[in-house]
Amino acid sequence: MTSTTTKKHTNLYENVGLQFNKAADLIQLDPDIRTILSKTENEIIVHFPVKMDNGHIEMFTGYRVQHNNVLGPFKGGLRFHPQVDINEVRALATWMTWKSAIAGIPFGGGKGGIQIDPSKYSAHELERISRRFTFALGSNIGPEYDIPAPDVNTNAQIMAWILDTYLSTLPATQRNSSVHVVTGKPIASGGSLGRDKATGQGVVFHILEWAKENNFNLEGAKYIVQGFGNVGSWSARILKPYGAILIAVEDHTGAIACEAGIDPEALAQHVAANGGVAGFPGTTPIDHETFLKTNAEIFIPAALENQITEETADWLKVKLVAEGANGPTDPDGDAILQKKGIALIPDILCNSGGVVVSYFEWLQNKRSEFWDLEEVDYKLKKKMVNAYHKVSEIARQHKTDFRTAAYVVALQALEKVYKERGLFP
Ligand code: NAD
């Protein structure tokens, strides 16, 4: 056991610090800029009351953390999950700053959420919770200031409720020019074509670039996916036409496998009807360890954080991990994957398709435009391919891993702007 594998890395924000320091040391980042970027800018915690269906009031705790906005407005998702806490949101907000900088879009980093298990609430209760959270955040969000989007257990419908509540708090003259306060909206309410699949689409663009760069043939390659929500299901569906074969999937209802292949379209319909992958006809239920030990070429973690750790990294038999989720690999897991020669496309590069198409949605709203899907996909591909090769080039130059290289791209972009602008006063 090496010194990097003696501590359990369960605190996501500490993990971000370790990743950041490794890259900052490598490029000898200006110490003042290091000081600025190592802290989040604003941390908002709100406790707000909501009337339940039974007439009683329950109090909820919501978070919005704003890490940095030197490149543009704070940007990042809202998550509804029992594990949401201040350290998780700090980490996710910080990753958003790096992600936008790597993708080359004019946004900073923010993230938020509510500590709840949404399955315990009715649709009407979730609507009131979303609306009261928006009201409690007040002017801490705004179309030119901080722009939320969907994340775990939130979706286009929740964005529409947030939009409606936010606009209702504005003077009538400002409402029509403020629809870009959230992205990931339903199309009729100002959403963009291609936003629902954007993160999965971006994951696949990155896998394609990696395959090209490494002379890897996707035809017949086997892949496994953890999480079959927005990111996992779209990644799985978009990868299949390239000839890759989905052979195992895990979500919160269990894991399933089928060596002959699982049809991701049919599985998505099963999940929509049954709430999870368990019981999908033609597959065998397997346990978590068996799922991670599956003989396959590609693993797409697209669920929650800290899945590839000191314990589980050793189980993986794949050639490539393409991180659809945020923070699925902790620093111990990273070190083990590198030792085993498993390639990794890091979250801050791999899953940036979502924020890029959110940026396209934001632009369309500001310009009162509506782009067709081909235009969105074309522009997304260009951003993803550019970002991939920027990171790959830095990895070669510095003889470092892809995660550290991705950090270098982000830190150099931020350092440049701070040096040009200086610090007030
Ligand atoms: P989602 O709510 O649509 O799906 C989450 C999935 O994770 C579900 O299939 C759920 O069953 C599964 N899951 C939950 N607990 C699990 C467990 N213990 N074991 C296995 N599976 C489990 O969420 P999403 O939007 O697809 O987000 C997934 C990940 O991708 C998150 O890390 C999120 O931050 C990241 N991400 C999402 C977007 C986006 O555009 N939605 C963009 C970038 C990154």
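This is a predicted model, so every value here is computed, not measured. Start at 1 and go down the list; that is how both ligands and their atoms are numbered.
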### Task
Verify the distance criterion only: is there a donor paired with an acceptor across the side chains of T40 and Q66 at less than 3.5 Å?
no

#### Entry: Centroid separation Y121 to F60 less than 6.0 Å
yes

### Heteroatom proximity flag, G227 to ligand 1, N/O under 3.5 Å
no

## Note on the structure
dist N365:CG -> H180:NE2 (nearest 0.5 Å) comes out at 7.0 Å

### Message
Please classify the A302 to ligand 1 contact at 4.0 Å (heavy-atom distances, strictly less than): side chain, backbone, both or neither.
### Response
backbone

### Message
Any heavy-atom pair between the side chains of T94 and F20 that's under 4.5 Å?
### Response
no

### Query
Is it true that E265 and R237 make a salt bridge, defined as a side-chain N closer than 4.0 Å to a carboxylate O?
yes

### Query
Between E250, H252, E305, which one has a non-hydrogen atom sitting closest to atom 17 (C) of ligand 1?
H252

#### Entry: Sub-3.5 Å N/O-N/O distance, L304 and ligand 1
no

### Query
Would you call R195 a ligand 1 contact, heavy-atom distance under 4.0 Å?
yes

### Task
Please work out which of A303, G254, G113, G353 has its closest non-hydrogen atom nearest to atom 31 (C) of ligand 1.
A303

### Query
For atom 35 (C) of ligand 1, which of D347, V271, N326 has the closest heavy atom?
N326

### Task
Give a yes or no on whether a salt bridge exists between E58 and K51, defined as a side-chain N under 4.0 angstrom from a carboxylate O.
no

### Query
Identify the closest protein heavy atom to atom 26 (O) of ligand 1: which residue and atom is it, and at what distance?
V231 N, 2.9 Å

### Query
Considering only the protein, which heavy-atom contact is closest to atom 3 (O) of ligand 1, and what is its distance?
N230 N, 2.9 Å

### Query
Counting only heavy atoms not in Y378, do more than 12 fall under 6.0 Å of its OH?
no

### Task
May I ask you to check whether N230 and K197 show a side-chain donor-acceptor distance below 3.5 Å?
no

### Task
Taking only Lys NZ, Arg NE, NH1 and NH2, and the carboxylate oxygens of Asp or Glu, determine whether K185 and D164 approach each other closer than 4.0 Å.
no

#### Entry: Residue and atom name of the nearest protein heavy atom (relative to atom 23 (O) of ligand 1), distance in Å to one decimal
V152 CA, 3.5 Å

### Query
Which one of D151, T154, N153 satisfies the side-chain hydrogen bond (donor to acceptor under 3.5 Å, both in side chains) criterion with R79?
D151

### Task
Inspect the contact between K22 and D334 and indicate whether a charged nitrogen and a carboxylate oxygen are less than 4.0 angstrom apart.
no

#### Entry: ligand 1 contact by G276, heavy-atom criterion under 4.0 angstrom
no

### Task
Would you mind listing which atoms of ligand 1 come within a distance below 4.0 Å of any non-hydrogen atom of D151?
25 (O), 33 (C), 34 (O), 36 (N), 37 (C)

### Summary
With V277 as partner, the option from D251, T283, I262 fulfilling side chain to side chain contact (heavy atoms under 4.5 Å, CB included) is D251

### Query
Mind checking whether F228 has an N or O less than 3.5 Å away from an N or O of ligand 1?
yes

### Task
Look at ligand 1 and say whether H288 reaches it with a heavy atom at a distance under 4.0 Å.
no

### Summary
min-distance protein heavy atom vs atom 8 (C) of ligand 1 -> G229 N, 3.9 Å

### Task
For N153, take its heavy atoms, then give the atoms of ligand 1 lying under 4.0 Å from any of them.
2 (O)

### Query
Near A325, which atoms of ligand 1 are under 4.0 Å from a heavy atom of that residue?
29 (C), 30 (O), 32 (O), 35 (C)

### Query
What part of T199, side chain, backbone, both or neither, has a heavy atom within less than 4.0 angstrom of ligand 1?
side chain

### Message
Need the ligand 1 atom indices (1-based, order shown) with element for anything under 4.0 Å from a heavy-atom of R79.
### Response
31 (C), 32 (O), 33 (C), 34 (O)

